[in-house]
Structure formats: structure tokens, C-alpha cells
Amino acid sequence: MGRGGHTVPRRGPSFIGEHAHDFGGKTIGMFAGVALLINNITGPGVPGLPNMFAEAGWLIPTVLFLLIWAMSSLSTTMYCEAMRRIPGNEHFRGRIEYTTIVEYYFGRTWYIASQIGLNGALQSLNIISVIQSAQVMDKAISAMFKRSCAFNLSPFSLSGDHGKLAQSTEFWSCIDVNSVSDGDAWGCHVVMTMGFITTLLITIPMGYYNLDDNMIIQVIAFVLTVGCWIVWILASFSADPHSQPLPYGNTTGQGTWTIPMYNSDSNFGSQAGVLGTILFNYGFVTTVPSWVNEKKPSVSVNKSVWFSTFMCNIIFFAIGIPGALGFKYYLAGPATNNCAYGVDTNDPGNCMQDLMSVLSNRTMAPDSWVKHKGLEGLLEASVYLFPIVAVLSSIPVFSIVIKYNCIENGLSKRFSIFWGVLFPWLVSIPLLYQPNALNQIINLSSLFFVSFTDFIVPWCLFIMLNKEDLQKEIESRNEQPLLNSVNDDLEDGSSKPEDHDFYIHQHFAFPQSYSTFKIYLATILVVVMGFLALGGVVLSIMQSSVTSWDCAAVSV
């Protein structure tokens with residue numbers, strides 16, 4: 001019987017044997033695991049970070065990044081400790097996915113809530129990845145062939161700055177998505193674009209494989225992604241804000257190499273999108289059990305997680321702050337969907353949705369790069385390569401994790417593949433070219449789903465575990481502790497456990513002696529995240545009520 005009072009199916013060797021073809025083996029090493037974690041944490045959200053810093057200023061995002069970094073790392077290691085301590089899964093020798101862990105400790109009600117939260121979080125992450133990757137793929141196709149085409153499933157008349165947009169009423173239409181100054185004919189329409197179809201064809205086959213089968217792709221995607229990031233950082237430092245037009249009143253330091261500590265501008269300054277954006281980037285905890293199930297026994301969870309999240313923090317600041325410093329004039333805020341350029345031109349649709357949109361626009365990209373043929377080619381390659389590597393490193397992983405959870409909970413493989421691999425693409429079609437849909441999904445799904453499944457649930461599990469440990473410690477305080485016979489031969493200090501072939505890394509989120517401290521810390525974290533999520537929801541709702549909705553102004 002589980003602690004929640006329900007019998008939990010064993011996920012030991014017999015279960016793994018019965019589903020040998022449905023899951024991967026324990027073969028993922030340290031480097032591949034770190035690459036997988038960094039890919040999951042960064043993913044498609046990175047190009048939008050300069051927008052957040054430009055809209056909010058540097059203070060609140062910096063504080064929240066550091067706070068959420070520590071909280072997400074602790075949440076992950078705490079959840080893994082709860083996972084390890086389920087009978088039959090000592091040292092992660094069995095196979096247990098996210099929702100089964102919740103059911104074992106909290107029972108059926110929490111299990112249902114965690115299923116809703118898990119699928120909401122992962123499906124949202126997948127839908128966001130699909131939308132962003134398909135849009136950037138359309139930009140790449142337009143750059144190469146001067147236009148991208150689409151099936152318009154909901155043709156209706158749409159007017160731009162210079163009258164009716166003819167393509168808005170055509171079932172089959174082709175436009176240059178890199179040049180929609182007169183208006184976007186696909187705005188608010190349900191369209192299936194060539195970028196969407198291309199991205200789908202690349203990604204769908206990978207969702208059928210297991211996680212360990214995808215490791216070589218994860219490593220290659222990681223290396224290529226790092227290359228793209230380096231190009232963006234160098235390009236951001238090459239930007240000349242002094243050459244950009246000054247906005248009205250120059251109230252936020254536009255035209256200078258600065259960003260405000262706190263952006264209070266009434267048109268394009270807001271803190272409403274900060275927490276949701278950061279939670280979206282750190283919403284990786286739900287994918288960790290699948291990695292733990294297939295990592296090598298000798299790989300340390302703590303070392304892998306803390307190193308990966310620390311490196312991601314460096315990446316976030318290295319791209320977010322220089323990008324905002326160089327291009328803040330053009331970047332649309334995730335909450336206001338406006339920028340100084342939009343105010344000057346009286347058209348928020350002129351603002352760019354992320355750093356890639358700026359760098360792929362010749363009038364906004366740094367002159368020193370645009371005027372140099374080799375640098376311009378490198379810049380374009382990084383912008384158009386990124387959605388492909390982001391697709392390969394994020395969408396299949398989320399699909400596989402959803403598929404694993406479905407199979408592990410007794411659902412058929414056919415349904416699991418539909419729900420994990422195909423469903424996100426069906427939902428993404430009507431959202432592909434809706435005004436500010438990407439930022440709104442990122443913000444609200446993070447506040448509702450990610451905060452619950454990736455933070456609050458793991459901390460509540462950890463509190464329960466350590467209360468039980470503390471009670472046992474009180475009851476057996478005067479008993480002589482037992483020694484682990486496996487390590488008897490190491491008492492002379494002549495070698496380390498890691499030097500032995502039989503060594504299995506034993507995972508604890510904290511040293512075992514910190515029982516009371518761990519309970520207090522986890523409780524504080526639950527309260528803090530609860531207030532942050534509630535405050536973020538209120539701010540988002542308030543901001544959404546004053547944000548414009550202009551179909552023809554949709555930009556990608």
C-alpha cells in the first residue's frame with residue numbers, strides 16, 4: 001500500500017522487462033544528461049529574454065532568476081529523493097514516473113491533480129515550442145524563397161494600413177512573413193503554414209523513440225545551440241543604440257547603452273510578464289524522473305542538476321541583458337506587447353517578439369554585421385538554425401515524457417503516442433498566428449501549471465518525507481546505527497567509493513542530519529511560490545485587460 005492508502009503498481013525489473021520496447025535502458029552518462037537538462041531548461045524561451053529585461057528593467061528579473069534558479073534546483077533534487085525512497089526503487093533501480101510518485105505519497109486525489117498539472121505543464125511547453133519553431137521556420141523559408149505559403153482554414157477579410165489584405169480571404173496564400181509592414185494577412189486566421197508542416201515532419205518521427213535513443217541528437221543540438229548563442233551575444237554587443245531613434249521624451253534611456261533598474265513607463269514598462277517567463281524557462285522538473293530512470297547508476301543527480309542549472313543562469317543573463325541593452329527600442333514586452341518603436345510609430349505591430357526577429361531584420365540588426373557578407377551569413381544561419389535545433393532538443397523530449405507517463409499508468413501505447421506526440425500539433429494550429437498568443441500562453445501556463453507541478457508538489461513531498469524521518473530519529477535516538485557492509489572495505493581510506501565498479505551513487509537532496517532545517521526550508525518555499533504565483537496571475541490579468549488585440553499587427 002502507498003502512503004496515500006492506495007496500492008501502487010511495482011515498477012521494478014519485472015515491469016521494465018514487460019515494457020522493454022516502450023522505455024529506454026539505464027545508459028545516459030554525465031555529459032549527455034547535462035546536455036539534456038540544459039536543452040530542456042533553455043529551449044525556445046531564450047530568444048524572448050531580452051524582451052523581458054527591456055520591459056521590466058534589470059532589478060526584478062535578476063532577483064527572480066536567482067531565486068527561481070535555487071528553488072527549481074532544490075525542487076528537482078528533493079523530488080528525486082522522494083522518488084528514490086519508494087520501495088522497489090532504491091538507488092533508482094526500478095522505473096517510476098512523475099505521477100506515480102505523487103500517488104504513492106499522497107493518494108488518488110493528489111494523483112489526479114498532478115496528472116492535470118503535469119499534462120498542462122508539458123503540453124503547454126510543447127505547444128509553445130511548436131508555435132515558436134513553426135513561426136521562425138516560416139521566417140527562414142521566406143528568407144530563402146522570398147515567401148512562405150499556407151492553407152488558410154478560416155478565410156475572412158482583414159484590412160491593413162493600406163486597405164484590404166487580399167491573401168486574408170484566400171484558401172491558399174503566400175506572403176513574405178519578414179515583410180508585413182502593411183499588415184499580416186494571416187493574423188487571427190487558422191492557418192497551416194509551410195513552416196508548421198516542415199517542423200512537424202522533422203519532429204514527429206522522433207517522438208516514437210525512447211529517451212536514451214535521442215541522446216546523440218541532444219548532444220549535437222546542444223553544441224549547435226551554444227554556437228547560436230555565441231553569435232547572438234557578439235551581435236548584441238555590436239549593436240549601436242545611439243544610432244536608433246530616440247523615443248518621445250527619452251524616458252527609459254533609449255538610444256543609450258543602459259536599461260532601467262525598474263521600467264515604469266506606462267506604455268511599454270511592466271513587471272507582469274517576468275515571473276511567468278522565468279518559470280517557463282525553469283519548468284523542467286517534470287521531465288527529470290524520465291532522465292533519472294535512464295541515467296547510469298554512477299551519475300550523480302545533485303552534480304548534474306546543480307551544474308546544469310548554474311550554467312543555464314549564466315546563459316540567461318548573457319543573452320537577456322546584452323540583447324536588451326542593444327535592441328530595447330524594438331523589443332515587444334511579453335506583457336504589454338509594445339515597445340518604444342511602437343509608441344513612436346503609433347503601431348505596436350512594429351515591435352519585435354524576440355531577439356531572433358531583430359537579428360533577421362536588416363534595418364534593426366547591427367550595421368557592422370549586415371554590411372559584412374560573412375557576418376551577415378553567420379547571423380542568418382544562427383537565426384534559422386536555432387528553431388531546428390530547438391525543435392530537436394525540446395519537443396521530442398516533452399512528447400516522450402508525456403508518452404512515458406501514460407504508458408507507466410496503464411494506458412495503451414497507441415493512445416500515449418497520440419496524446420504525447422500528435423495532440424500538441426493539433427492544438428497549435430489555431431494559435432499559430434494569434435496576436436501575442438505565444439507570450440500569453442507562456443505566462444499563464446507557467447503561473448498555473450509549472451508553479452504547481454515543478455515546485456509546490458516536490459516541496460510538499462519533501463516535507464512529508466522529512467517529518468517521517470524526524471519522527472523515526474526521535475524514536476531511535478538511543479539505538480546504535482547500523483553500518484553499511486558494502487563500504488566496509490573502504491574504512492582504511494585507501495580508496496573512494498566512486499573508484500569501485502560496484503558503486504551506485506546514493507542521492508540525498510541535503511545531508512541526512514539536516515532534518516528540521518529541511519522541513520522549515522521546504523515550507524518557506526511553498527509559501528513563497530504560492531504568493532509569487534498568485535501575484536503573477538493578478539498582474540497578468542490586469543495587464544491583459546489593457547493590451548491591444550490587433551490582428552493585422554501580428555508579427556513573428
Side-chain angles (χ1 to χ4, degrees), residues 28-50 52-53 58-81 125 215 218-219 221-230 232-233 236 274-275 277-289 291-292 295-296 298-324 389-390 393-394 397 446 450-451 454-455 458-459 462 498 505 507-511 514 518 521-522 525 528-529 532:
I28 301 176
M30 179 74 176
F31 180 77
V34 168
L36 172 66
L37 291 174
I38 292 178
N39 287 341
N40 282 351
I41 298 169
T42 53
V46 172
L49 294 180
M52 180 190 66
F53 279 101
W58 63 263
L59 178 61
I60 301 301
T62 299
V63 171
L64 284 179
F65 257 127
L66 295 174
L67 181 63
I68 300 301
W69 160 59
M71 293 169 75
S72 65
S73 301
L74 289 172
S75 176
T76 302
T77 56
M78 289 174 178
Y79 204 77
C80 289
E81 183 172 337
L125 290 170
M215 282 304 101
Q218 290 294 318
V219 172
F222 171 71
V223 173
L224 293 175
T225 302
V226 171
C228 294
W229 292 335
I230 292 173
W232 298 351
I233 293 169
S236 296
V274 176
L275 182 59
T277 301
I278 295 175
L279 285 178
F280 166 69
N281 283 282
Y282 273 114
F284 73 105
V285 180
T286 48
T287 66
V288 168
W291 160 67
V292 171
K295 74 175 184 65
K296 292 180 179 179
S298 59
V299 173
S300 167
V301 171
N302 282 333
K303 289 180 181 178
S304 300
V305 168
W306 282 100
F307 177 77
S308 300
T309 56
F310 175 76
M311 292 305 299
C312 288
N313 238 14
I314 294 177
I315 293 166
F316 292 153
F317 285 118
I319 293 176
I321 293 179
V389 297
S393 64
S394 59
V397 173
S446 297
V450 175
S451 61
D454 288 58
F455 296 93
W459 295 333
F462 201 65
E498 292 87 343
H505 197 280
H507 171 70
F508 294 96
F510 286 98
Y514 288 13
K518 292 186 284 188
L521 177 62
L525 292 175
V528 170
M529 179 53 67
L532 286 175

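Here the OG atom belonging to S72 is positioned 8.5 Å from the CG atom belonging to D454, to the nearest 0.5 angstrom. Rounding to the nearest 0.5 Å places CE of M30 at 10.0 Å from OG of S298. The NZ atom of K295 sits 13.0 Å away from atom CG of L36, with the distance rounded to the nearest 0.5 Å. Taking CE of M78 as the start and CE of M71 as the end, the distance is 10.0 Å to the nearest 0.5 Å. Atoms OG and CD1, on S394 and I41 in that order, are 13.0 Å from each other to the nearest 0.5 Å. With rounding to the nearest 0.5 angstrom, the CH2 atom of W58 is 9.5 Å from the CD1 atom of I60.
With sequence neighbours excluded, the residues satisfying side chain to side chain donor-acceptor pair (under 3.5 Å) with T309 are W69, S73. Taking W291 as the reference, nothing meets the side chain to side chain donor-acceptor pair (under 3.5 Å) condition, with sequence neighbours excluded. The side-chain contact (heavy atoms from CB on, under 4.5 Å) test applied to I38 returns V34, T42, F222, W229, S308, M311, C312, I315, not counting sequence neighbours. Residues meeting the ring pair (Phe, Tyr, Trp, His ring centres under 6.0 Å) test with Y282, sequence neighbours left out: F316. In this structure, the side chain to side chain donor-acceptor pair (under 3.5 Å) partners of T287, at least two apart in sequence or on a different chain, are N40. Qualifying ring pair (Phe, Tyr, Trp, His ring centres under 6.0 Å) partners for F53, counting only residues two or more places apart in sequence or in other chains: none.
Counted within 6.0 Å of CZ on F307, heavy atoms from surrounding residues, nucleotides or ligands total 12 or fewer; the atom is thus considered open.
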Given side-chain contact (heavy atoms from CB on, under 4.5 Å), test F317 with L66 step by step and report yes or no. CA-CA 10 Å; F317 285 118; L66 295 174; 4.2 Å; yes
Show your reasoning for whether side-chain contact (heavy atoms from CB on, under 4.5 Å) applies to N39 and V389. CA-CA 9 Å; N39 287 341; V389 297; over 6 Å; no
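Heavy-atom minimum distance, G323 versus S236: CA-OG, 3.6 Å. Minimum heavy-atom separation, V299 to S304: CG1-OG, 3.4 Å.
Taking the six-membered ring where the residue is Trp, the centroids of W459 and F455 are separated by under 6.0 Å.
The shortest side-chain heavy-atom distance between L49 and F65 falls under the 4.5 Å cut-off.
Test V288, N302, V305 against C80 for side chain to side chain contact (heavy atoms under 4.5 Å, CB included) and you get one pass: V288.
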